[in-house]
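First comes the structure, then the notes that go with it.
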Amino acid sequence: MVSKRRLSKSEDKESPTEDASNARKPPLSKKTKKSHIHNEVDENNSVFIQLLKTSGIVLKTGENQNQLAVDQIVFQKKLFQTLRKHPSYPRIIEEFVSGLESYIEDQDSFRNCLLSCERLQDEEASMGTPYSKSLIKLLLGIDILQPAIIKTLFEKLPEFLFERVNSNGISMPRLIISQLKWLDRVVDGKSHSPQDLTTKIMQLISIAPVHLQHDFITSLPEILGDSQHADVGQELSDLLTENTPLTVPILDVLSSLRLDPELLSKIRQLMISKLSSVRLDDLPVIIKFILHSVTTTDALEVISELREKLDLQQCILPSRLHASQSKMKNKGQTSSSGNQENSGQDCVFLLFDVIKSAVRYEKTISEAWIKAIERTAPMSEHKIFDLTMLLIIYSTNTQTKKCIERVLRNKIRSGCFQEELLQSTFYIHYFVLKDLCPSILSLAQNLLHSLDQSIILFGSLLYKYAFKFFDAYCQQEVIGALVTHICSGNEAEVDIALDVLLELAVLNLSAMRMNAVFVKGILDYLDKMSPRQIRKLFYILSTLAFSNQHEGSSHIQDDMHLVVRKQLSSTIFKYKLIGIIGAVTMAGIMAADRSRSSSLTQRKADLSNEQYTQVTSLLQLVHSCSEQSPRASALYYDEFANLIQGGKLAPKALEWVGQTIFNDFQDAFVVDLHVVPEGLVSPLCLPPYFRLLRFCVAGQHNGNLEEIDGLLDCPIFLTDLEPGEKLESMSVKERSFMCSLIYLTLNWFREVVNAFCWQMSPEIKGKVLTRLKHIVELQKILEKYLAVTPDYVPPLATFDLETVDVIPQTSTAVSTKIRKQGTIGGRKCKAGGNKTSSCDTFSKEDGSECDPTPSDRGHLEKEFKKKEEKTVSLQNYHAFFRELDMEVFSILHCGLVTKFILDSEMHTKATEIVQLQPPELLFLLEDLSNKVENMLTPSIARRVPFLKNKGNQNIGFSHLHQRSAQEIARCIVQLMTPMCNHLENIHNYFQCLAAENHGMVDGPGMQDREYHLMSSCYQRLLQIFHGLFAWSGFFQPENHNLLYLALEVLTNRLKQRELDQPLEELLSQSFHYLQNFHCSVPSFQSALYLLRLLMVILEKSTAPAQKKEKIASLARQFLCRLWPNGEKEKSSIPNDELHALLGIYLEHTDSVLKAIEEIAGVGVPELISSSKDASSTFPTLTRQTFVIFFRVMMGELEKTVKTIQAGTAADSQQIHEEKLLYWNMAVRDFSILINLIKVFDSRPVLHICLKYGRLFVEAFLKQCMPLLDFSFRKHREDVLSLLETFQLDTRLLHHLCGHSKIHQDTKLTKHVPLLKKILELLVCRVKAMLILNNCREAFWLGNLKNRDLQGEEIISQNSQESTANESEDDTSSQVSKSKAVENGEEDEASDGEKEQDSDETDDDSD
């Protein structure tokens, strides 16, 4: 509502108000009102002044504001009417403007006209806005004056362009231009138009100084109308090319204008091309313009180019490097460098704010950015900007989270996103990423749920770097998320979360201590954690509690002591296990050797008396709480041994432990002959106690075990172990006693071999070989006893088990109480004063390995020809044997050694040559193969609910799991040279044997025990090599050198060592070396492992196509080879391995269709007509293995045709002909295979036909029919021939459906409805193709009788009624035949139930 305006009669009574824009002036008081009268401008007969005064404005002189006595709108209306009604109109306008020009000649007067007027009326009477416009602004609002006044302003403005800003801070050019902003309209007249205004402003911009150019350009959107946007945009784009410093204001203005898309695209392309050279300060505005100008059609192209050109790393790192260098040079003068770094960070922060806004509100941009990163070739290098953008989009756009996770997983698997890239991303953009902390933690959590190890590792790195680079709040969130993972119940998640916590404790111990209360809470869930995880948790807590004795960590120490004492006092072994592991781990941290990391002297770095007392008292507590339980004592010794093995115990503590253990061991286990011990100690404790003893001795004597080397060949009192004829007559109790006795002896020998295997003395090596031979002999005897004692449960050898009861897989649990009876038998006799009285000395070694002498070979043949006895495999009992250390496999280096037999006078009595025999070699290779499979090719972790017990899948590998997979791989690489020696020797053995037998498979020596031992060694060696090279860790950058070392070992077997060979050359030479073994492969299993080994070598090559055909050739040779039968006359070709090898052949051959045609068209007919029940071309193809060949060929045929693109009518004629020829071959192969069911009509074969027949027909519909649509007219005869052949095949499928119905076989009939449905679709599709090609008359339908596989009619109600309608005898149309065949399904169309195809993969093989 507008209030009425009141004007005073006298100026003296006016109440002037101060303009809001002129705050520096004090409010006018009543005393100053009169002074305004004297500051008025004299009229001097000026029309300009008179008209203004009449209209309501009083001009003032000096620094006084012009006074506005009426409302602004009233003034403009009154002045307009006065001018229009003036007698001299329109000449009066010229006089008015001339008066204005004269008046503003004075700079103060001009300034007053540009500043807002002072309002003299009451605020309550004001009709307009609370602010007042300037006089010029008011005059510009009058249409008849606007053109002249604009002209005057532009004539006046150049006078002030190069003047400095005056003392009151007013810039005249900016003030003049501001008068043109937000005009109601720009008058379009004869002498002036909006285009003229645009031209004048652009001319002004071209001559103005840079600082004014910036202001003039940014004012354009507020001055110009929509009609001028196109012209101004074009001129600004030209100016952008010429004047780079004006980039920011020009782009800012262009973003506000309505421009042609082509012009925007041109400007955008110009900006993208300049990205690498622009200043960091300009980037936010440039990127904003680029993103705002993106359209749906060009989004992907623009984002891809933007991603390539934008390199923030080069923008940020130089300033940060300069700042750090400045700080190092002068720590007192770092303000400028710090400001520079902060300025760069601020610019990047603004840039990412622009990007965040774009991807949040523009779905097109976010999707394009994801696609641009996803389409980046794996071989090209990704930038930190890519990873940063994925994290930003993940946090800002919830709809794309799944897509982002998919892209990340694929990039991680392909090796594009490595740890180095992630670390650089956090290092450079941590100030941007810290705002995304919740989303980053959510992403890490989802990645840890994966089953892929590389993805899990990447998720753990997200946690690690978030903790490292973010603030305390984010660190707390990271710890909370990791604790949640530990309580998730997924074993893989628990392990990786504990590993991350351990890394964080090392990375930032003080920050971890602040969050120790969260980690401490995990102690409530110990009973659901595995021993390995308990060990990690206590190590983390002990590190937080006892490292550097931090004052704030006492509460953690108290809680840990309480938990340990509580668990140790429990009578339940599961809880006592927790207490033992926790206490030993705590003691290890408390007594850690800090001399290596300390700058103090050795004396000061050792334990204090207080620490020494705490450690010893804790260990004594564990000993006293576990001594009543042999299993608990054995666990304590094993845990303590593992601790000492790490070599981190302080010397003072090690000395106390060594002395105590040495004395206790002698008292408990080593006695003089004929001396009866006072107390009995369980023999369960002997191997772990000895393990602890030898680590203590080795730690005190730098690895020298001379003080205890008498135990290596110390005599053992045992009963006669050879069962002979009395085995069957022994009682169950006696047999169980013998089994326990052998078990205890074996575990003692295994631990002795662990201890002394790495000693360098030839004498010790010889004794170790002897003990190894004893182990193999005792295992053979044990197998005989176990075969007749099926319910026997051996004594435990591994004690950190998650489950209390461990039962062999092949036997039931029966409680046996025979361990006390085996105590005396398990005792060791103390060696006499002469340690070497029964020892052997060795003086010679050479490099020959595993080549049995003729005498040994004859002995082995005699053994093998003995009466076969009932035995069992010890693989099911591996949990009851002591674990072999990785150092044991150094025995593989041993060759021939000369052994001296000494008499009682220490003189040489005889000499004997000993070496590593095939049984001992196989024993070592089997154990090493199991270790490789467990560590380098782990099975996929299964999710187990947290509140349910988990079975231990890693029994017998507890020591192995204390090492990383990288360490195990390095150990195996170091063993590759001796393993290659053994492989070559075995290769030579089989070569010589084949030459002796003239290539006969069943020749002499092919069935003896030595042959099978060597064959098993061959297979195990290939298994180990395959497990090593298939290790996924080789894709990680830190393991590339290890891969080079492994490949160099193989390459150097062919030629002399060359330095710095490229990877491709190493792969090629290694492939060639391994390929040479194909001719001597003794078994089908070894052949399959050799192929798999060659394949994993090939996967690492960038040009695998060159060697692909070689693998196919080798696979075909193996399929065409006659393999010897296995032991006990069983087939040497397992079905699953034959399936795998045949699949490898068909996958790698250059023509799958030709290979299938050869097997089905040549091999199978040979099999049918052969009297030997096998094909002569493919001896592996027998009547027993036919179903395997049939399944693989059908599956590969269906897979191959699915890869054929349907093509389009636009393709060339040559492409059409090639595809038509290919489909002719495929249908011919299908016809050959499908007709084999007339001969091989077993249930599995019929099931394969139904399953893959339907899939083939589906592929024919989708891939072949579109090709026939546009090939029919030019290749009519070829198409008709193809359909005629396919018609016969579909008819046979129809018969097979009837056969399945008649026999009521549910496994077969469940495929019938879907198969009939697809056959009906084929009828309709062929009819549509003929109509499309104007050949409808070639198609006709008829009813097809239901027949069985032999062609006999299936009698039913429907078939009897439709006998007269059968139409299979027509030959006038090839197509009509095929259609009639498929349409015959109408007879049973009503039976097409809505069943779903289960698509079984576990087809019967019999």
Side-chain angles (χ1 to χ4, degrees), residues 526 531 534-535 538-539 541-542 545-546 549 554 556-594 606-670 678-682 684-700 799-800:
L526 286 174
I534 294 171
R535 200 176 290 118
F538 272 97
Y539 190 90
L541 289 171
S542 300
F546 297 103
Q549 294 296 324
S554 59
I556 310 176
Q557 298 178 12
D558 296 341
D559 288 347
M560 292 181 67
H561 278 291
L562 286 173
V563 170
V564 166
R565 288 179 180 273
K566 176 184 177 182
Q567 305 291 6
L568 284 174
S569 61
S570 175
T571 57
I572 302 175
F573 179 77
K574 180 173 68 172
Y575 300 110
K576 192 179 288 289
L577 176 145
I578 297 173
I580 292 172
I581 294 177
V584 173
T585 307
M586 285 172 57
I589 298 296
M590 294 165 63
D593 184 5
R594 299 180 179 87
D606 207 348
L607 292 179
S608 65
N609 292 332
E610 182 182 358
Q611 292 173 328
Y612 176 79
T613 303
Q614 290 178 353
V615 172
T616 55
S617 61
L618 181 59
L619 294 176
Q620 288 171 353
L621 173 66
V622 180
H623 179 73
S624 62
C625 291
S626 60
E627 62 183 354
Q628 299 301 321
S629 169
R631 185 176 176 187
S633 297
L635 173 63
Y636 165 55
Y637 298 144
D638 268 341
E639 288 296 316
F640 206 176
N642 294 337
L643 174 64
I644 297 175
Q645 184 183 13
K648 298 179 180 180
L649 211 60
K652 192 174 182 180
L654 184 62
E655 182 181 358
W656 174 82
V657 172
Q659 184 177 0
T660 305
I661 296 300
F662 191 85
N663 295 333
D664 290 348
F665 184 85
Q666 280 190 323
D667 296 339
F669 297 105
V670 183
E678 297 179 359
L680 296 179
V681 180
S682 173
L684 274 182
C685 302
L686 175 58
Y689 211 148
F690 173 69
R691 182 178 178 84
L692 174 59
L693 172 64
R694 64 111 164 175
F695 279 129
C696 289
V697 173
Q700 289 179 302
F799 305 97
D800 56 343

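Just so we're clear, the structure is a prediction, and the values are computed from it rather than from any experiment. These values consider heavy atoms only, across backbone and side chains, with no hydrogens, waters or symmetry-generated copies.
For Glu655, the CD atom sits in a loose shell: 12 or fewer heavy atoms of surrounding residues, nucleotides or ligands are nearer than 6.0 Å.
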Val563 vs Leu526, side-chain contact (heavy atoms from CB on, under 4.5 Å): CA-CA, chis, key distance, verdict: CA-CA 10 Å; Val563 170; Leu526 286 174; 3.9 Å; yes
Verdict with reasoning, Arg535 to Glu639, per side-chain contact (heavy atoms from CB on, under 4.5 Å): CA-CA 10 Å; Arg535 200 176 290 118; Glu639 288 296 316; 2.6 Å; yes
Step-by-step side-chain contact (heavy atoms from CB on, under 4.5 Å) determination, Ile572 to Gln567: CA-CA 9 Å; Ile572 302 175; Gln567 305 291 6; over 6 Å; no
Derivation and outcome, side-chain contact (heavy atoms from CB on, under 4.5 Å), residues Arg691 and Tyr637: CA-CA 8 Å; Arg691 182 178 178 84; Tyr637 298 144; over 6 Å; no
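Within the 4.5 Å cutoff, the side chain of Val615 has no heavy atoms near those of the Trp656 side chain. Taking the side chain as every heavy atom from C-beta outward, Leu635 and Phe573 approach each other to under 4.5 Å.
Closest heavy-atom contact between Gln700 and Leu654: NE2-O, 3.9 Å. Residues Phe799 and Leu684 come closest through the heavy atom pair CZ-O, 3.9 Å. Between Phe695 and Ile644, the shortest heavy-atom contact is O-CG2, 3.7 Å. Smallest separation of non-hydrogen atoms from Ser542 and Met560: OG-CE, 3.2 Å. Residue Ala634 comes nearest to Cys685 through the heavy atom pair N-SG, 4.2 Å, listed as atom of the first residue, atom of the second, then distance. Taking both residues in full, the closest heavy atoms of Phe538 and Val564 are given as CE2-CG2, 3.9 Å, listed atom of the first, atom of the second, then distance.
Remark: the backbone N or O of Lys566 is paired with a side-chain donor or acceptor of Ser569 at under 3.5 angstrom. Looking at Thr585, its side chain never comes within 3.5 Å of a backbone N or O of Tyr539 through a donor-acceptor pair.
The CE atom of Met590 sits 9.0 Å away from atom OG1 of Thr616, with the distance rounded to the nearest 0.5 Å. The distance from the CD atom of Gln614 to the CE atom of Met586 is 9.0 Å, given to the nearest 0.5 Å. Leu541 contributes atom CG, which lies 10.0 Å from atom CZ of Phe546 (distance to the nearest 0.5 angstrom). Rounded to the nearest 0.5 angstrom, Ser624 OG and Leu621 CG are separated by 5.0 Å. To the nearest 0.5 angstrom, Thr613 atom OG1 is 12.5 Å from Leu618 atom CG. With rounding to the nearest 0.5 Å, the separation of CG in Leu693 from CG in Leu686 is 10.5 Å.
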Review item, side-chain donor-acceptor pairs of residues 576-584, under 3.5 Å, at least two apart:
{"residue": "Lys576", "atom": "NZ", "partner": "Leu568", "partner atom": "O", "Å": "2.8"}
{"residue": "Lys576", "atom": "NZ", "partner": "Ser570", "partner atom": "O", "Å": "3.1"}
{"residue": "Lys576", "atom": "NZ", "partner": "Cys625", "partner atom": "O", "Å": "3.1"}

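Note: His623 and Tyr636 have tilted aromatic rings, judged against thresholds of 30 and 60 degrees for the angle between ring planes.
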